K.L.:
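Okay, handing you the structure first.
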Amino acid sequence: MLTGNNFIGFKQSAKGERSIQAFAASRNEYLPGKFAVAAPEEFEEALEYASGAFPIYSGLSYLRRAEFLDVIAQEIMALGDDLIERCAAESGLPVTRIAGERARTCNQLQLFAQLLRDGWWVNARIDKAQPARQSAPKPDIRSMFIPIGPVAVFGASNFPLAFSTAGGDTASALAAGCPVIVKAHPSHPGANELVASAIIKAAQQTGMPEGVFSSLFLSHEYAVKLVQHPNIKAVGFTGSRNVGMRLFNAAVNRPEPIPVYAEMSAINPVILMENALVQQKEKIARDLSASVTLGAGQFCTNPGLVILVESEASKNFLFEFAGNISAAVPASMLNQSVYKAYTEGVAALQRAPELTTLSNNILASEVLQQGRPVAHLVKAADFLRNKKLSEEVFGPATLVVSCADDAELLRVIASLEGQLTATIHAEEDDEKKLAPILNSIVQKAGRVIYGGYPTGVEVCHAMQHGGPFPSTTDARSTSVGSAAIYRFVRPVAYQDFPDALLPEALQKSNPLNILRLADGLWTKDPG
């Protein structure tokens, strides 16, 4: 039974006068249950709990934090079908997709738990003293990463589990040793409550300090105040550029500016080379249309731009591709706001005189707020003149840019803003042309894909899910994979400290048995 409460430390509370209710777009109806928007005193209480929990939680061993993350994963799985069914109803996403996303969410938690056990992530560096060095003695200097402080996490609408309450931002912040306050997304309040209850249960079972996690429903005003609050030391956000920049500006204009790791806007160009179109026309047309329309196009990695050079092969490909887009099965979009923004974005595109409609799927239902899959075509010269054509339309839409030659293709790539991904399809005979293209796109994107599709982000150590602005506010960071932990830590160097006062990761005996950079060599040896 859902309570509709906020989670403040280990307590549940509903003092606010306003409430929200989930709307199921796929059913065109409101779901049972009202959820209280936090009152000002509840907001302040959660922040005080987080501040009080930080010195205790950050001081716990990595093994204790790892146990906490593992138990969160166990408690999420223990929610069973209740979580799957509620999440599917709130998001309009199919049960199979939600089940897969739950597995990803738990895998992320377990990845960070293992990272904590391995210990190497702290980047322990040791330069031993050389008291006899001429012309001046060298001090003993040892450095490592330490937690930054309480983190605000904003749940995303398009991934109600994997980028939400216990998603990658929360998992990486907790792994780093930072308490988390989640600003719950209003589109899936029931899923948030269920997952938040699992996190609180895990915290109590593993002896975590009260305030290590809280979850609040907040107004727009208090969402900004959360970022501005002096107790918050970093922010994780996935959503629109408009909201992301509002939070970013609030954070950098504080008396004490803090980092905002916002994933915001990308059109993820796909570059199709001539020989790939000749040899794989049907396969690329089929698989690319599937990537464009997957999940009603509601992925931050959705391929919203296709770039090719005009030829007979490209014309044949576009005919095949348009047919696949027309035949795609529409799906309900995440919520009313996303559906409205998508339909308005497509309408704006179709008013542009430079564009030709390649395909306009007629199967979508307005009543069920289904995103209509569409594809448009524009000549590169027109695309380069109209910057609005390179703006993201979040949903199952893509724009094909037809270039006169390879030089014009390079100009189109150079004109693009920062992206999460860029993709190349080529054959061996194309590869002599790829060097300038590759040199250009690696400056534009955080992940470059060869022969595949950008939708689907592997959770692993090497993954980079982030890119130059406006895809994110910090191209040096990732929100997926184990490197996400580095967003919520900072380096500290200890000079000439007695061994007993050093963190275990830097002590001479290496009690954690972790890899350390000692006098320029990676080793587990004492030193």
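What you are looking at is a predicted structure, and each value in this text was computed from that prediction instead of being measured. Along the sequence shown, residues are numbered consecutively beginning with 1.
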K.L.:
Got a second to check how far Ser509's OG is from Asp525's CG, nearest 0.5 Å?
P.N.:
12.5 Å
K.L.:
Take Gln298 and Asn302 through the test side-chain hydrogen bond (donor to acceptor under 3.5 Å, both in side chains) and record every step on the way to the result.
P.N.:
CA-CA 7 Å; Gln298 298 167 119; Asn302 187 59; over 6 Å; no
K.L.:
What distance separates Phe112 CZ from Ser172 OG, expressed to the nearest 0.5 Å?
P.N.:
4.5 Å
K.L.:
Which class fits the ring pair His188 and His185: parallel under 30°, tilted 30 to 60°, perpendicular over 60°?
P.N.:
parallel
K.L.:
Roughly how far, to the nearest 0.5 Å, is the SG atom of Cys106 from the CG atom of Leu111?
P.N.:
13.0 Å
K.L.:
Rounded to the nearest 0.5 Å, how far apart are OG1 of Thr165 and CZ of Phe213?
P.N.:
6.0 Å
K.L.:
Is it true that a side-chain atom of Asp118 and a backbone atom of Trp120 form a donor plus acceptor pair closer than 3.5 Å?
P.N.:
no
K.L.:
Determine whether a donor-acceptor pair (N or O, by modelled atom type, separation under 3.5 Å) exists between the side chain of Asn510 and the backbone of Ile514.
P.N.:
yes
K.L.:
For Ala445 and Ala422, which heavy atoms make the closest approach, and how far apart are they?
P.N.:
CB-N, 3.7 Å
K.L.:
May I have the step-by-step check of side-chain contact (heavy atoms from CB on, under 4.5 Å) for Ile8 and Phe43, ending in yes or no?
P.N.:
CA-CA 8 Å; Ile8 302 170; Phe43 174 82; over 6 Å; no
K.L.:
Between the main-chain N or O of Thr3 and the side-chain N or O of Glu193, is there a donor-acceptor pair closer than 3.5 Å?
P.N.:
yes
K.L.:
Output, in order, the C-alpha distance, side-chain angles, deciding distance and verdict of side-chain hydrogen bond (donor to acceptor under 3.5 Å, both in side chains) for Asn268 and Thr421.
P.N.:
CA-CA 5 Å; Asn268 307 296; Thr421 74; 3.0 Å; yes
K.L.:
Does the side chain of Arg246 reach to within under 4.5 Å of the side chain of His220, using non-hydrogen atoms?
P.N.:
yes
K.L.:
Testing the 3.5 Å rule here: is there a donor-acceptor pair between the side chains of Ser13 and Glu42?
P.N.:
yes
K.L.:
Output yes when a side-chain donor or acceptor of Thr105 lies under 3.5 Å from a complementary backbone atom of Glu101, and no otherwise.
P.N.:
yes
K.L.:
Please check this pair: side chain of Tyr453 against backbone of Val270, looking for a donor-acceptor N/O pair closer than 3.5 Å.
P.N.:
no
K.L.:
Flag the pair Tyr486 / Phe145 as yes when their ring centroid distance falls below 6.0 Å, and as no otherwise.
P.N.:
yes
K.L.:
So how far is it from His465 NE2 to Cys300 SG, rounded to the nearest 0.5 Å?
P.N.:
3.5 Å
K.L.:
Below 30° counts as parallel, above 60° as perpendicular, anything between as tilted: where do the rings of Phe217 and Phe35 land?
P.N.:
tilted
K.L.:
For Glu17, does the CD atom sit with more than 12 other heavy atoms under 6.0 Å from it, leaving out its own atoms?
P.N.:
no
K.L.:
Distance-only, no hydrogens or angles: does the Arg142 side chain make a donor-acceptor pair with backbone N or O of Pro503 under 3.5 Å?
P.N.:
no
K.L.:
Check whether any side-chain heavy atom of Phe154 sits under 4.5 Å from a side-chain heavy atom of Leu226, and report yes or no.
P.N.:
yes
K.L.:
Take atom CZ in Arg254; do more than 12 heavy atoms of anything else shown fall under 6.0 Å from it?
P.N.:
yes
K.L.:
One pair to check against side-chain hydrogen bond (donor to acceptor under 3.5 Å, both in side chains): Glu67 and Thr206. What are the steps and the verdict?
P.N.:
CA-CA 7 Å; Glu67 180 191 12; Thr206 55; 5.7 Å; no
K.L.:
Is Tyr57 close to Phe68 at the side-chain level, that is, under 4.5 Å between some pair of heavy atoms?
P.N.:
yes
K.L.:
What side chain to side chain donor-acceptor pair (under 3.5 Å) pairs are there with at least one residue in residues 72-81, not counting sequence neighbours?
P.N.:
Glu75-Gln205
K.L.:
Gln464 and side chain to side chain contact (heavy atoms under 4.5 Å, CB included): which single residue from Val457, Thr478, Val480, Val448 fits?
P.N.:
Thr478
K.L.:
How long is the straight-line distance from CD1 of Ile199 back to CD1 of Ile76, given to the nearest 0.5 Å?
P.N.:
6.0 Å
K.L.:
Do the side chain of Thr293 and the main chain of Pro373 share a donor and acceptor less than 3.5 angstrom apart?
P.N.:
no
K.L.:
Before accepting this row, confirm whether a basic side-chain N of the pair Glu391/Arg241 lies closer than 4.0 Å to the acidic partner's carboxylate O.
P.N.:
no
K.L.:
State whether the side chain of Thr343 and the backbone N or O of Tyr339 hold a donor-acceptor pair below 3.5 Å, judged by distance alone.
P.N.:
yes
K.L.:
Indicate whether any N or O donor in one side chain lies under 3.5 Å from an N or O acceptor in the other, for Asn192 and Ser215.
P.N.:
yes
K.L.:
Between Ser197 and Leu79, what is the shortest heavy-atom contact and its length?
P.N.:
OG-CD2, 4.5 Å
K.L.:
Okay, side chain of Ser214, backbone of Gly9: is any donor-acceptor separation there less than 3.5 Å?
P.N.:
yes
K.L.:
Are Ser143 and Pro491 side-chain neighbours, meaning at least one heavy-atom pair lies under 4.5 Å?
P.N.:
no
K.L.:
If the threshold is 4.0 Å, N to carboxylate O, is there a salt bridge linking Glu45 and Lys11?
P.N.:
yes
K.L.:
Counting N and O atoms only, with roles assigned by atom type, does the side chain of Thr472 sit under 3.5 Å from a partner on the main chain of Gly467, one being a donor and the other an acceptor?
P.N.:
yes
